[in-house]
Amino acid sequence: MADKNIVDKIWKFFTSVKLAVVIIAVIALSSMIGTVIEQDSSPEKNLKLFTKIFGPANAQTVYKSAVALGLTDMYHSWWFTSILICFSANLIICSIDKLPHIKRIVDEPLKPIDAKDFDNYGIKKELSVDGSIEDAKTLVLAAIKKLGMTPNASDNSGPNTIQFYAHKGRRTRYAVYVIHFSIIIILIGAVIGNTLGFSGYLILPEGETSAVAYSRQSEKEHPLGFSIRCDDFSTSFYGLSDMPKDYASWLSVIEDGKTVLKKTIGVNSPLKYKGYTFYQSSYGVVPQKNTRSLIILNVTPKGGKTEQISLGVGESFKIPGTKFSGRLIAFTPALAFDKNERPYSYTENMNNPAVYIELTSEDNDKYSGWLVKRYPQTWDLPDGSKVELVDNWGYQYTGLQVRKDPGVLLVYAGCLFMTIGLYCAFFLSHKKIWVLLQSEKTKVNIKIAAFANKNKTGYEGVINSVFNRLTH
Amino acid sequence: MGSPMLFGIAEVGYFVAMMVYIGYFMFKNKSVGITATALAAGAFLSQTAALILRWVESYGMGIGRAPLTNLYESLIFFVWCLMLGYLIIEFKYKNRTFGAFVTPLAGLALGFIDLTGISKEIEPLVPALQSNWLLAHVTMSFIAYAAFALAFATGMLYLVLSTEKRSESSYIFWTVAGSVFFIVLAAMGADYIKFKVIGTSQELIKGFLFKATFRNESGFIALLSFVAAFALMFFVWRYGYVLKRMVQTFNITLDFLEDLNYKVIAVGFPIFTLGGLIFGAIWADQAWGVYWSWDPKETWSLISWLVYAFYLHARFLRGWRGNKIAVLSSIGFITVIFTYLGVNLFLSGLHSYGEA
């Protein structure tokens with residue numbers, strides 16, 4: 001028996017609304033701390049913050065104790081997790097504890113009420129219609145149907161009296177529990193995602209292939225079971241500005257030596273394959289020594305056909321059908337000129353890529369200049385031919401966020417349940433109505449009593465508009 | 001006529017409407033009240049036209065996006081939702097008293113734009129914001145914020161009306177919260193005058209917030225600011241009952257205020273949950289690959305959500321009514337303000353688009 005008492009006590013402890021209130025307050029307050037102390041960031045940042053608040057003398061000590069308490073990675077700390085577990089236990093047990101009571105209310109059959117009780121309801125109305133009680137019955141039945149309810153009749157109070165009663169939406173009383181349940185589902189989804197899922201990243205230079213990703217926590221290799229190749233990466237800009245419009249990576253999925261899927265991903269449009277999702281998250285420049293980079297040019301001799309060629313810096317090409325040959329002297333990712341008209345690169349990123357080419361004719365005429373990707377007017381050469389800088393390849397890498405989250409479907413399902421629950425809880429209600437008809441000579445007196453567990457004024461308005469029509 | 005001009009008309013309109021509403025509040029003259037409503041409605045129409053025009057203009061610039069993507073546009077949209085909600089309530093309940101409490105919130109938000117010096121330019125969208133979720137997430141969040149602002153106004157009005165004794169905690173709450181509101185605004189006004197009108201600081205408000213007053217280089221002025229702030233707080237606390245007498249002349253019942261307070265929260269809470277939290281999570285999942293990352297904005301939204309969840313449970317399960325519930329709804333809105341502005345101004349994170 002002693003065991004049962006302990007279980008009872010624990011049960012009782014978790015059913016208390018007070019506990020819920022305390023837990024909600026603790027979650028809210030500790031979350032606030034977590035937004036002030038930067039999470040998962042470098043020690044310097046938080047040391048700077050502590051120096052500001054507690055002075056340089058105490059900053060180190062405060063920082064050490066904050067780390068010990070898990071405040072620098074609070075949302076994953078053991079105590080925050082424990083609070084969330086308590087929160088779930090509280091939510092589940094409170095709901096289970098309340099459910100039988102709610103079920104009783106929901107299942108309770110609606111009964112006719114005494115004639116004298118009609119005045120005791122929050123919503124009440126009286127009117128009379130001309131004609132027999134049979135005429136009035138038809139009208140009232142139609143009116144109740146118009147309210148979306150199926151009327152029941154009770155006529156045991158006499159020949160000239162009849163009462164109709166109906167209700168609807170009694171199950172909306174469960175809506176709150178649907179919301180609670182949905183929170184639990186979301187939390188379960190989160191736990192599954194955290195324990196069985198994988199969160200990592202992959203840095204992939206243009207042209208390279210990888211069969212692994214790297215874990216965010218441990219930096220360890222994580223085999224994907226297939227390979228992923230970055231065919232190309234590019235940034236597009238708004239007009240001629242440096243404001244990025246989109247980042248795009250052209251990815252190929254390779255399995256057993258075959259390309260099984262090709263997709264261009266961008267921010268907001270990831271690639272999904274075999275449970276893994278690849279998100280565009282960063283990009284950068286590959287150190288030049290390690291790769292063979294190519295410049296892609298479209299060469300069009302005057303009046304001739306366009307030919308695409310790709311070559312490295314320092315290599316030469318011929319403009320077909322002419323006496324010119326060209327050589328790529330230099331490449332810059334972001335061409336600009338300083339005040340002495342000297343070229344320099346204003347950023348490492350490919351904001352304004354340009355190549356410097358030197359053209360030499362068979363007669364040893366020389367021409368040299370910049371071809372700039374953004375400015376087509378730089379592509380025209382003096383002899384009327386055209387060399388377009390199409391792309392540069394092998395210069396950049398794409399940074400992918402790699403995730404496998406088997407819990408995410410549950411989270412989405414939870415969100416769906418929550419939406420349904422919220423709608424039912426806030427916009428629907430359990431509505432009841434009783435209508436008493438008493439015939440008196442050539443007319444019938446109608447008394448109405450009604451109840452709604454939410455939005456009484458709205459319900460009253462609907463009843464008024466439906467029943468006022470009966471008198472016309 | 002361009003959208004900046006229409007926004008200007010709306011801004012001036014709201015400020016004048018605010019003063020006329022306060023005038024109506026004090027003198028109870030019916031034609032003053034009608035003027036206030038006409039001004040507010042006119043400013044609202046002008047703002048509506050401006051929003052549409054700004055949308056159209058963005059297409060003209062080859063950017064083409066809804067005017068909802070930076071701090072400036074979101075503040076404008078917040079004011080629009082707030083005034084729409086207010087005008088609906090005024091029309092439905094035939095009561096203008098709230099005007100004197102709601103229009104200052106609108107004025108505050110619009111004034112804040114100039115105070116902070118945030119950019120009003122139509123700028124193109126960074127890649128992360130180019131999503132269909134943007135419209136749903138931002139619109140619904142701000143409709144909810146506006147609903148919470150209305151709940152705040154009714155909650156404060158409730159406290160003004162229901163409290164009398166200076167030792168009462170609810171009385172202290174509304175006088176202190178009300179004066180802090182005013183003090184922060186006044187201090188930011190001082191910053192604005194010192195650094196933008198007299199000086200020509202290119203910095204955003206982050207750089208000089210409260211530097212004209214509480215964080216002044218001169219210790220004396222800083223001290224003086226604190227003394228003045230406390231003096232004001234004391235004054236409001238001492239003479240708060242005067243406001244009560246004024247409100248009393250309008251015959252608003254406490255039940256009505258309490259009911260309205262709940263009603264706007266009952267609209268705001270589900271919209272906030274769906275549009276703010278759920279849509280936000282789905283979008284984050286698609287853009288960043290994490291539906292929840294404890295980023296400050298997310299965390300503060302959750303805190304606000306918890307406060308309102310607390311409100312609902314206290315009301316329905318514990319039967320809380322009256323002052324306690326009014327205080328809760330006011331605290332809820334304070335966390336909303338922090339979610340919306342504080343996080344952008346003071347904390348860093350994924351949602352820092354709104355910064356400038």
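Letters go in sequence order (proteins before strands), and every chain restarts at 1.
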**Message:** So that I can tick it off, tell me whether B:R321 and B:D255 are bridged by a salt bridge, with the cut-off set at under 4.0 angstrom between side-chain N and carboxylate O.
**Reply:** no
**Prompt:** Given the options B:D285, B:I282, B:L302, B:V307, which has more heavy-atom pairs under 4.5 Å with chain A than any of the others?
**Reply:** B:D285
**Item:** Contacting region of A:V411 [heavy-atom separation from chain B under 4.5 Å]
**Value:** side chain
**Prompt:** Sequence neighbours excluded, which residues qualify as side-chain hydrogen bond (donor to acceptor under 3.5 Å, both in side chains) partners of A:Y247?
**Reply:** none
**Asked** Quick one: what part of A:M74 sits under 4.5 Å from any heavy atom of chain B, side chain, backbone, both or neither?
**Response** neither
**Asked** In terms of heavy-atom proximity below 4.5 Å to chain B, should A:Y423 be classed as side chain, backbone, both, or neither?
**Response** neither
**Item:** Check: B:Q286 side chain, A:S269 main-chain N or O, donor-acceptor pair, under 3.5 Å
**Value:** no
**Prompt:** Non-hydrogen atoms of chain B under 4.5 Å away: do they reach the side chain of A:S281, the backbone, both or neither?
**Reply:** neither
**Message:** At a 4.5 Å cut-off on heavy atoms, which part of A:A20 comes close to chain B: side chain, backbone, both, or neither?
**Reply:** neither
**Prompt:** Non-hydrogen atoms of chain A under 4.5 Å away: do they reach the side chain of B:W305, the backbone, both or neither?
**Reply:** side chain
**Prompt:** Under 4.5 Å between any side-chain heavy atoms of B:S304 and B:F148, yes or no?
**Reply:** no
**Message:** So, taking the atom named CD1 in A:I185 and the one named CG in A:L409, what distance separates them when rounded to the nearest 0.5 Å?
**Reply:** 12.0 Å
**Message:** Could you walk me through whether A:I23 and A:I83 satisfy the side-chain contact (heavy atoms from CB on, under 4.5 Å) test, starting with their C-alpha distance in whole Å, then the side-chain angles of each, then the deciding distance to 0.1 Å, before giving a yes or no?
**Reply:** CA-CA 7 Å; A:I23 292 177; A:I83 298 173; 4.1 Å; yes
**Message:** Taking side chain as everything from C-beta outward and backbone as N, CA, C, O, which of these in A:S199 sits under 4.5 Å from a heavy atom of chain B? Side chain, backbone, both or neither.
**Reply:** neither
**Request:** Against chain B, label A:F278 side chain, backbone, both or neither, depending on which of its atoms sit under 4.5 Å from a heavy atom there.
**Result:** neither
**Message:** Taking ring pair (Phe, Tyr, Trp, His ring centres under 6.0 Å) as the criterion, tell me which of B:Y308, B:F272, B:F269 meets it with A:F426.
**Reply:** B:F269
